[in-house]
Amino acid sequence: MAISVRAALAGQRIAWRVPQWWAALAALAAWLVLIGLTYWPAASIAHLGHIHAASASIPERPGPFVSVDCVIAMMLPVVLFNLRQVAIASLWGRRDRAMLGFLVGYSGIWITTSLLLGAGIDAVAALLDPAATIALTVIAAFAWHLSPIKRRALRACHQMVPLAPRGWQADRDCVGLGLRVGSNCVVNCWVLMSVVFTTGHHPVIMGGAMVVMVIERFGPHAFADAARALKRELAFALTAPSPAVAPLL
Amino acid sequence: MATPSNVRIRRDIWKLSEQNVWHPIILNYAKAIAQLQTLDASPFADPRSWRHLAEIHGSSIPRSQWPAGAHWNACEHGSWYFLPWHRVYLHHFEKIVRDAVKTVHGPANWALPYWNYTDPARPKVRHLPPAFRDQLLPDGSPNPLFVNLRGPTMNTTGQLGTAAVSTTTALAESVFTDPAGGGIVPGFGGGVSGRTHAGGLPGSLENTPHGSVHIGVGGVNPPGWMSRFETAGRDPIFWLHHANIDRLWAQWLRTSWHANPNDDRWLRESFEFGSGAWRTILATSDVLDSRGAPLRYRYDDEPAARARPARATRARLEAVVRRGPPEMLGATRESVALGETPTHAEIEVSPARAAALASFAGAEQPQRVYLKIENVRGEKLSAGSFHVYVNAPPQARGAELAKHLAGTISMFGVLESSQRGETHAGEGLTYSFDITDLVARLSKRKNWDPNKLRVTFAPIPDSAGQVYPGDLKVGRVSLHRG
C-alpha cells in the first residue's frame, strides 16, 4: 500500500514537472521496435508490409507501420522541448490533449513528407546507381546545411504561438502549431532525411541523423544536459516527501 | 581584501559631469570614438572600427557581405545569457577604446563610465549627460557623442520617465533564473534558454530598466538608433547604459541570498568577439568576478573590499526548484491591441481554479502568481513602453491606479523579433510578472476576483509627451500559479 502511494506520488510529480514524459517513452519504445526489426531475424520489415522500391538499385522502403515508427523514433526527441512548451501553456486538464494535438499536426507533416520523399528518391534512384544516389544526398545535406533558408527554418522550429485556453479553438491552435513547427522542421531536415532513405532506414544511420538534429537545435551538450535533467527529476520524484504544489485535480 | 591597484574603476558619468562637462574621462571617450570612426570603411573589416563593434550587437547587413571573421548580429536577449554576453561585449569594447585612448595621449587605465539614471534624489540624471547633447567638442570639432537619431527632445530638454528607470522590480527578484525552465518565472537574469537572439523570456532587469531606457533614448516615431538591435551600438550612450546594467547585476548580487546560476549550461557558454589580434573569447565562468583577470574593473559604488561570493540560501533555491513549472489557470481567447489609449483584456479562469485563487492569502502561502504577456508583435510602435494593470477600476487615476500596477513592458526588440529571419522566428516578445504581492494586496482590499480578471495596458508617452498610431498586438495574456 505504502509502495503504491509512493509510486503514485512519484508519478504525479513526474507528470507535473515533465509533462512530455510519455512522448519520450514513446520515442524510446519506437527505437526498441526498430532495433528489434533490424537485428531479430524473425521479425523483418517485410513481415510488416514493405513497399518494393521502384528500382532494384536502392534498399526497400518500409511499410506504413515502420514508417510511422521511424517518425516517432527520430522526430519525437527533437520536439520534446516544443511539447513541454505546449503543455505548460495549456490548462492542467488539457495538457496531454494539447501535446497530442501538436503531435497530430507535426507527425502528419512528417508522414506525408516521408511518402513524397520516398517517391522522389525512387525517381532519382531509377536514374543513378546506389552509390551515386547516396553520395548525392550526402553532398546535398552538407550544402543545405549552409543555406540561409535552412537557418531560417531552424530558428522557426523553436517558435511558440498563442494557444486558445479551451474549446475547439485550443485543439485547432495546437494542431496548427504542430503543422507550423513540422513544416519548418521538414524544410530544415529534408535533405538529411533523404540520406536516411537512400541508406535503407538503418538504425545506425537514423540514430546518427537524430543526433545531428538534436545537437543543431540544442547544442553539443544536449544529450549530457538531458541525462543530468533526467537524473535530477527521477531523484526528485522518488525522494521528495510530497509535491510542493499539488495540481488542482 | 582591498582592491588591487590594477583594478580599473568605472565611474558615474553624471558625477564626472558635475565636476566638468568635459571631464578627461569623457573627453577621452569622445576622442577615442572619433579615432575608431576613422576606421569605418565598408565592409567594416577592421575589428576596431566603430561600425564593426556596433554590428556585433545587431546587423542588417546580409551575412554574405560580412567581412571574414565577423561575429555579428549576435546579441543575447530574452535569455539567461543576456548579462554575461553583454559583460564580455563591454570588456571587448573597453579594451579597444582604451587602446584608442592611449593613441590620443589619454591614460592607460581609462575605464568606461556608466550612466546611472536611477536616483530619485537627483532627477536630472534622467537626462542624457550634457556631453552627449553638445554638437561640438570643446575645440569646436564635431562631437562623436552627439547622435541625431534619438527620441524627440532627448538631445535638449527631454528626460527618461521614472517608470523607465525603475530598478525596484528587478532588484527585488529573489532568483537569477527559474531552474525548472518553464518560461514563466522571469527572475533577475532571464529564462533558461539556448543561445538566442530573442524569443525567450527576458529577466526583470532586461525588461526594465534595460529595454525601457533603450527605447526611451531612441524614441519610437521613428525608432532612433538606441531603439533597435541593429543600430543601438552606434550610439555612444549605448555602452554607458550597458555598463549601468552590468553594475546593477553586481548590485543585485550584493544582497546576501542572491546568487548566479550554478548550472554548467550557463557557466560553460562562451562568447566570441572580434578577430585577429583583437579577438576576445570568454566563457560566463571567466567573467563572474569582475575584479579578477581578465576583466579587472569595479564600479565606484562597490565596496573597495571584494565581497564574499554570493550564495543562495539552499532553502530559497530548493523552494523554487521544487515548485516546478507553474500551472496555467486561464488565458485570454483573443489577441489584444496595444493602442494610443488604454486597452483591456479579460482572462477566463475556470471555476475550480478561481476558487483556489480566491482563498489566496498572500505571504503565508508558498505559492506565487504570475501574469504572462505573450507574443507581443508589431511593425509600428505606438509607445515605447506600456504599464500593465490588474483589475484597475475604470475611473482610477494616479496613486489609486498605481496600486493595480503589475509591471511595465518595454517594446525594445519587438520590431526585430516580429520579423522572421535567421535570428528570429517572428513570434515577438514575451514577458512575465510575479504578481503575488499585488494579488495579496488586492485580496485584502476585497478587490481580487479571479473570475473577472481584467488586465489593462496603458501606453507611456515618449519624452515629448506623445503616443502614436501603431499596430502592436499582444497574442495572449495568461495567469499562472506555481
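Chain letters run A, B, ... following the sequence lines, proteins first and then strands; every chain starts at 1.
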Return yes when atom CG of A/L230 has more than 12 non-hydrogen atoms of other residues, nucleotides or ligands closer than 6.0 Å, and no otherwise.
-> yes
Value rounded to 0.5 Å, distance of CH2 in A/W92 from CZ in B/R481 = 10.0 Å
Distance from B/S193 atom OG to A/F218 atom CZ, nearest 0.5 Å?
-> 12.0 Å
Note, B/E327 side chain near A/W16 side chain (heavy atom, < 4.5 Å) | yes
With only heavy atoms counted, which part of A/A222 is less than 4.5 Å from chain B, the side chain, the backbone, both or neither?
-> neither
Which bit of B/S335 is near chain A, if near means a heavy-atom gap under 4.5 Å: side chain, backbone, both or neither?
-> neither
Shortest non-hydrogen contact from B/A425 to A/A156?
-> CB-CA, 3.9 Å
Closest heavy-atom contact between A/I88 and B/P325?
-> CD1-CB, 3.5 Å
How long is the gap from CZ on A/R228 to CG on B/D264, to the nearest 0.5 Å?
-> 5.0 Å
Count the heavy atoms of every other residue, nucleotide or ligand shown that sit under 6.0 Å from CH2 of A/W22, and state whether that count exceeds 12.
-> yes
Residue from B/G330, B/G475, B/S64, B/G426 scoring the most non-hydrogen pairs under 4.5 Å with chain A is B/G475
Might you point out which heavy atoms bring B/R268 and A/D225 nearest each other, and give the distance in Å?
-> NH2-OD2, 2.8 Å
Between the side chain of B/E427 and the main-chain N/O of A/M160, is any donor-acceptor distance below 3.5 Å?
-> yes
More than 12 heavy atoms of other groups within 6.0 Å of B/N262 CG | no
Are the side chains of A/R155 and B/R420 in touch, meaning some heavy atoms are under 4.5 Å apart?
-> no
Could you tell me whether A/R180 atom CZ has more than 12 heavy atoms of other residues or ligands within 6.0 Å of it?
-> no
Answer yes or no: are there more than 12 heavy-atom neighbours, outside A/W31 itself, under 6.0 Å from its atom CH2?
-> yes
Among the listed options B/E374, B/R265, B/K372, B/E334, the residue most often paired with chain A at heavy-atom distances under 4.5 Å = B/R265
Does a salt bridge link A/D173 with B/R476, judged by any charged N lying under 4.0 Å from a carboxylate O?
-> no
Return all side-chain donor-acceptor pairs below 3.5 angstrom for residues 163-172 of chain A, not counting sequence neighbours, or 'none' if the list is empty.
unit_1, atom_1, unit_2, atom_2, d
A/R166, NH1, B/E348, OE1, 3.1
A/D171, OD1, A/R94, NH2, 2.6
A/D171, OD1, A/R97, NE, 3.1
A/D171, OD2, A/R97, NH2, 2.6

Identify which part of B/I184 has an atom lying under 4.5 Å from any heavy atom of chain A, answering side chain, backbone, both or neither.
-> side chain
